[in-house]
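Note on naming: letters A, B, ... go to the chains in the order of the sequence lines (proteins, then strands), and numbering restarts at 1 for each one.
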Amino acid sequence: METIAEQDIITLKKVLRDSGGYDFSNYSTKSFVRRMEKILYDYKMDIYTLINTLKLDNELLERVVKDITVNTTEIFRDPAVWQAIKYRLLPKYHSQKEINVWHAGCSIGMEVYSFEILLCELGLFEKTNIYATDLNTDVLATAEKGVYSYRNASEFLDNYTKALCVNPFNYEERISLPISKYMDFDEKKDLLKIKPFLLNKAKFKKHNLVSESNPFNVKYDIIFCRNVLIYFDQYLQNKLYGDFWDCLAENGTLVLGIHESILGAMSAKYEKKGLMYQKKG
Amino acid sequence: MLGVVIGGSAGSFPIVTNILAALPKNYPYPLFLCLHRLKHVRTGFVEALSLKSALPIHEPHDREQVLPGHVYLAPANYHMYITTSGTCISLSTEEVVNHSRPSIDITFCSAAKTFGSKCVGILLSGANKDGALGCKAIKDAGATVIVQAPDECQVRTMTLAAMKATTVDFVFSSHQIISYLQKLNG
């Protein structure tokens, strides 16, 4: 792949900001460069053609922005986290009247539905409000439909079993819970469909974490933002941990990717609780 | 700082275990492992490798600082990059490369970029071509590339692909790899 000169990266970021209103200045330089190298390779373009075309072609600009953002998500990715949510976190909310949850950077929504399934199992589905946002409108459209490739989600069965059918605090307990309760499959057509009663629960909305504030004007008991901030620099990470702190209800919980940790100044404002972070007063 | 990167897939686990068992506590260099894992054995890798090794082994967090004598195992389902002149690790969930996440090419190429000529890349047994481009990048940066002797590999596809992609410095048995690392003086 072509390597891109530093000056060209600066020009590119300027064009994306001036022509599209997207600010990548606090994106981690390394991941930004990696994404741009991949885009040039995929589009079969050189950097100068790309920069010049971006100034004129808004459609291309929107497509490039979508391709810069990383959209990996899985059903019950990292089962240990979901076990902790099920056994440690959610039981606290049985007595609360309603629960507000925000999936920030929800991508195609697989974790939104994973979480909804847990809520159903714990009898908390009805009283929970779910909000989900992403910068990329394509992934939001997929998320709302809840229809996925069966093959691409091939690990989900294993993750589902680990997350829902095993009690990590009592290994002798095996919970029988057929996944067909929540999803339909068609292996031949390569389809995995979330059952209708889980759809229309979450409110999906386009939202830019970098430039916009709390998108729904509520305080959240739980914010999911997994493997999103790893693409940002330290300054922006710290700002967003601050924004999340402001958006969280008292004692609210922030769920990050299992290999992410809060570094820097904001780390003092959260308490690490196992695989999650709790807001400190 | 000099860094050692090791990549492996099918058949590499016992070799990696032996390498880590043979290196002393306070080994002067950091080691970075990028091993493909079977999808259903995602966890327990660190524990298994730690059983026989004196070195601290971690699956690092994003932005973790690198320490000499520590072993950094690319976490399941993340790509692992070495950055900032070999002092920091960053993780990503970008697309799979060579059907793999972690991808050896990604870790090796980042090592070539960040360590330059102060790097040793070791590629072990495996059934796909991941790591070949990475070996070439390490070699092109003026550093050392070692592959496990194909005849000794449980699956030889990976080492053969690397030998086709670049001129490797050494084709070693696992015993030779161990004694090379024991004597390594960067």
Check your understanding: So which heavy atom on B:H61 is nearest to which on A:I258, and how close?
Key -> NE2-O, 3.4 Å

Point to revise | Verdict with reasoning, B:S90 to A:Y231, per side-chain hydrogen bond (donor to acceptor under 3.5 Å, both in side chains) | key: CA-CA 9 Å; B:S90 77; A:Y231 301 106; over 6 Å; no

Practice item. State whether A:K30 and B:E94 are salt-bridged, where the test is any N-O pair (Lys NZ or Arg NE/NH1/NH2 against Asp/Glu carboxylate O) under 4.0 Å. Key: no

Check your understanding: Is the count of non-hydrogen atoms from other residues, nucleotides or ligands lying under 6.0 Å from A:K239 atom NZ greater than 12?
Key -> yes

Review point. Side-chain contact, heavy-atom cut-off 4.5 Å: A:R77 with B:T93?
Key: yes

**Study point:** Engaged part of A:T73 at the chain B interface, taking heavy atoms whose separation is under 4.5 Å
**Key:** neither

Practice item. State whether the number of non-hydrogen atoms from other residues, nucleotides or ligands found under 6.0 Å of B:K129 atom NZ is greater than 12. Key: no

Practice item. Identify the two heavy atoms, one from A:L263 and one from B:D62, that lie closest to each other, and give their separation to 0.1 Å. Key: CD1-O, 4.5 Å

Exercise for review: Evaluate whether atom CD of A:E6 has more than 12 neighbouring non-hydrogen atoms of other residues, nucleotides or ligands under 6.0 angstrom away.
Suggested key: no

Practice item. Assess whether atom NZ of B:K52 is packed by more than 12 heavy atoms of other residues, nucleotides or ligands within 6.0 Å. Key: no

Check your understanding: Between OH of B:Y78 and CG of A:N227, what distance do you get to the nearest 0.5 Å?
Key -> 3.5 Å

Revision key, fill the gap. dist A:T72:OG1 -> B:H79:NE2 (nearest 0.5 Å) comes out at 8.0 Å

**Study point:** Neighbour count above 12 (heavy atom, 6.0 Å) for A:Y235 OH
**Key:** no

Check your understanding: NZ of B:K136: more than 12 outside heavy atoms within 6.0 angstrom?
Key -> no

Point to revise | Side-chain (A:H259) to main-chain (B:P60) donor-acceptor, under 3.5 angstrom | key: yes

**Study point:** A:E187 atom CD: more than 12 heavy-atom contacts under 6.0 Å
**Key:** no

Review point. Is B:R63 positioned over the aromatic face of A:F232, cation under 6.0 angstrom from the ring centre and no more than 45 degrees off axis?
Key: no

Exercise for review: Report the C-alpha distance between B:E95 and A:R34 in whole Å, list the side-chain angles of each, state the deciding distance to 0.1 Å, and finish with yes or no for salt bridge (charged side-chain N to carboxylate O under 4.0 Å, His left out).
Suggested key: CA-CA 11 Å; B:E95 296 83 352; A:R34 283 198 311 261; over 6 Å; no

